[in-house]
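Shown next, in structure tokens, is the structure this report addresses.
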Amino acid sequence: MKRLTLILLSLTSVAFAQPAAVRKIASEISTASLRDNLFYLASDKMEGRMMATKGDTLASIFIADWFKINKLVAPYKNGRSYFQAVTSYKITSKDNLVINGKNYDKPGNWMSSKDFSSAENTGVLLPFFSDPDSLLKALSNIDTKGKTLVIPSVLLEKTATNETFLAQLSAKGIVATMNYGALVDQFTEYAKKNSFLPQYTDSTGAFGKNLRIGSFSLTTERMDELLASDALTVKVYNEIIKTTSRSGILELKTKVSAEVKKSFQKIQAPNVIGMIKGSDPDADCIVVSAHHDHDGRNGSEIYYGAVDNASGTVAIMEMAAMMNKASEKGFRPKRTIIFASFTGEERGLLGSYYYVDHPITPIKKTRAIMNIDMMGRVDTIYSGKKADSSYAYILVKDSLNIGLRAALFKANDNVRLKLDTRYEQPQFAQRRIRGSDQYPFYKKGVPFVRIDCGFAKEYHKPEDTPDKINYALLTKQTQLAFLTLWNMAND
């Protein structure tokens, strides 16, 4: 067994052999260039780089100019443009909730799902069950037409995305479902603080068609108000459900009305896409990505987005320069590499979703993606790391077993960072997978590597400024990403 392990390690080393010239290019990475580019992207001039704003456009032009200087191939307009126009829709929403004749608009009081339209003066059914089957059976014995059904917290995880369950409710005449809880409180508080942020969608098609029953969510405070007429509170109701001391369905004395009115404005914003063509035109390509957009400004306050994600943007820019330098020295990668700076990540991964639907090479010919989202800071929220920590968080999903983890760890032989797998733990992984631009590719079956630094306390705050970046750490993390990319493109 020991001999077999040594043989496998030897084969891995051969598969990811890096020419001395390529390692030298990695060692000569320009920290000054990373710093200068990051200070520019996170400057007052960029105004936080909100999607479809002047700052987003200026950032895109800056990245495209860098690609041109470093001789990346422009894939649009017959080789004259790096810009992929992403079409999306800005949402203007006028929402209102009425409980006991009192009106509440969002944010801070309630939330609605995107396919929810209205529920007018409906009765509210409060079930005392902890499993869906018992609830459905009980609903068959009462008048449910035109009613809103509360989904208890203990049932929410089992039913929230269960299309069969929702279809069964719809067949019984239920017009909407309502949930509540600590997560609703957190999200509505976040929405209240960030009400300046616009909402976007990639399509208006899902709105207003009532393809299935919609849902809305109440804060604990609003839910207590709903229950008050029946001498209940959320705390008492949860305890009853938990102890199963009562069964059945109560129709509350209070009725609710909820209405969601949305209008849509078509907008376009640029992805910036450039290529370094590989020596093997038949080989599947590699995508390396980051997002250049952030949260823009709220009045006079600018959300600079230095770590999120000017840091990842300057990293792929520097990687493009180094890969071009390797090509000019005669070390062209085997696989074509597509460098993608996406817009709209903060507004729902809009740029990357658009790209996977409009790729410059077929998605089935995309071997893997490396996504970089936040580098050069130290995780002060979850890990308590010290400022001199030398690490990178990694997340690898290699469903096709093409050697992505080996490519990453072999690259680290030259960089010697601690590769921290915290976010590969089951309790963190799913949120991490869905939370950045690798996700639309992952949904299409494309394996990925994600490299990042975790969360600093200034995350999504105006205080995320370029002076707080640890540029020595950013340099090493960019070296790791470049050498990993080389391995991915040359296996």
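Residue numbers run from 1 in the order of the sequence given. Scope of the values below: all heavy atoms of this structure, side chains included, with no hydrogens, waters or symmetry mates. Since the structure is predicted, the reported quantities are computational estimates derived from the model, not experimental observations.
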Closest non-hydrogen atom pair between [X] and [Y], with its separation:
| X | Y | result |
| --- | --- | --- |
| T465 | A306 | C-CB, 3.3 Å |
| P75 | G274 | CD-CA, 4.4 Å |
| D357 | P359 | C-CD, 3.4 Å |
| K45 | Y40 | NZ-OH, 3.4 Å |
| V98 | N96 | CG2-ND2, 3.6 Å |
| G296 | M50 | CA-CB, 3.6 Å |

Centroid separation Y391 to Y393 less than 6.0 Å: yes

Stepwise side-chain contact (heavy atoms from CB on, under 4.5 Å) check, F428 with T421: CA-CA 10 Å; F428 304 122; T421 59; over 6 Å; no

Ion pair [X]/[Y], N-O distance below 4.0 Å:
| X | Y | result |
| --- | --- | --- |
| K192 | E189 | no |
| E424 | R405 | yes |
| R450 | D452 | yes |
| D373 | R432 | no |
| E301 | R297 | no |

Given 3.5 Å as the limit, does a donor-acceptor pair link the side chain of [X] with the main chain of [Y], or not?
| X | Y | answer |
| --- | --- | --- |
| R222 | T219 | no |
| N100 | K102 | no |
| S60 | V272 | no |
| N194 | Y190 | yes |
| R49 | Y304 | yes |
| N470 | G376 | no |
| Q477 | M375 | no |

Intermediate values then yes/no, side-chain contact (heavy atoms from CB on, under 4.5 Å), I99 and L97: CA-CA 7 Å; I99 301 175; L97 172 73; 3.9 Å; yes

Around atom [atom1] of [X], are there more than 12 heavy atoms of other residues, nucleotides or ligands at under 6.0 Å?
| X | atom1 | answer |
| --- | --- | --- |
| E328 | CD | yes |
| K468 | NZ | yes |
| E463 | CD | yes |

State, yes or no, whether a side-chain contact exists between [X] and [Y] at a heavy-atom distance under 4.5 Å.
| X | Y | result |
| --- | --- | --- |
| I29 | M322 | yes |
| Y237 | P152 | yes |
| L227 | T233 | no |
| F339 | M275 | no |
| C453 | V378 | no |
| I360 | C285 | no |
| I276 | S327 | yes |
| F216 | M111 | no |

Audit row: S436, N371, side-chain hydrogen bond (donor to acceptor under 3.5 Å, both in side chains) steps and yes/no: CA-CA 8 Å; S436 191; N371 185 48; 2.9 Å; yes

From CA spacing to verdict: side-chain contact (heavy atoms from CB on, under 4.5 Å), K94, E259: CA-CA 8 Å; K94 186 177 181 181; E259 185 175 33; over 6 Å; no

Parallel, tilted or perpendicular: ring planes of F264 versus Y89, cut at 30 and 60 degrees: perpendicular

Aromatic ring pairing Y303/F196, orientation class (parallel under 30°, perpendicular over 60°, tilted between): tilted

Stepwise salt bridge (charged side-chain N to carboxylate O under 4.0 Å, His left out) check, K410 with D413: CA-CA 5 Å; K410 187 60 183 174; D413 287 348; 3.2 Å; yes

Supply the atom-to-atom distance [X] [atom1] to [Y] [atom2], rounded to the nearest 0.5 angstrom.
| X | Y | atom1 | atom2 | result |
| --- | --- | --- | --- | --- |
| Y180 | S153 | OH | OG | 4.0 Å |
| R23 | E28 | CZ | CD | 13.0 Å |
| L349 | F441 | CG | CZ | 11.0 Å |
| L485 | L408 | CG | CG | 11.5 Å |
| T31 | L473 | OG1 | CG | 11.0 Å |
| D185 | S217 | CG | OG | 10.5 Å |

Verdict with reasoning, Q18 to N414, per side-chain hydrogen bond (donor to acceptor under 3.5 Å, both in side chains): CA-CA 10 Å; Q18 295 161 343; N414 297 286; 2.9 Å; yes

Candidate pair H292 and N309, rule side-chain hydrogen bond (donor to acceptor under 3.5 Å, both in side chains), full reasoning: CA-CA 6 Å; H292 57 259; N309 185 34; over 6 Å; no

With H291, the side-chain hydrogen bond (donor to acceptor under 3.5 Å, both in side chains) member among D437, D308, N271: D308

Option passing side-chain hydrogen bond (donor to acceptor under 3.5 Å, both in side chains) with Y353 (candidates K443, H358, E345): K443

Of all pairs that satisfy ring-ring contact (aromatic ring centres under 6.0 Å, His included), the ones with a partner from residues 443-469, not counting sequence neighbours: H294-H460, Y382-F455, Y442-F448, F455-Y459

Intermediate values then yes/no, side-chain hydrogen bond (donor to acceptor under 3.5 Å, both in side chains), T343 and D293: CA-CA 5 Å; T343 188; D293 69 303; 5.0 Å; no

From K193, K461, R347, residue fulfilling salt bridge (charged side-chain N to carboxylate O under 4.0 Å, His left out) relative to D295: R347

Working for side-chain contact (heavy atoms from CB on, under 4.5 Å), residues I469 and L38: CA-CA 9 Å; I469 298 291; L38 204 153; 4.1 Å; yes

Member of L72, I273, V73 meeting the side chain to side chain contact (heavy atoms under 4.5 Å, CB included) criterion with Y82: L72

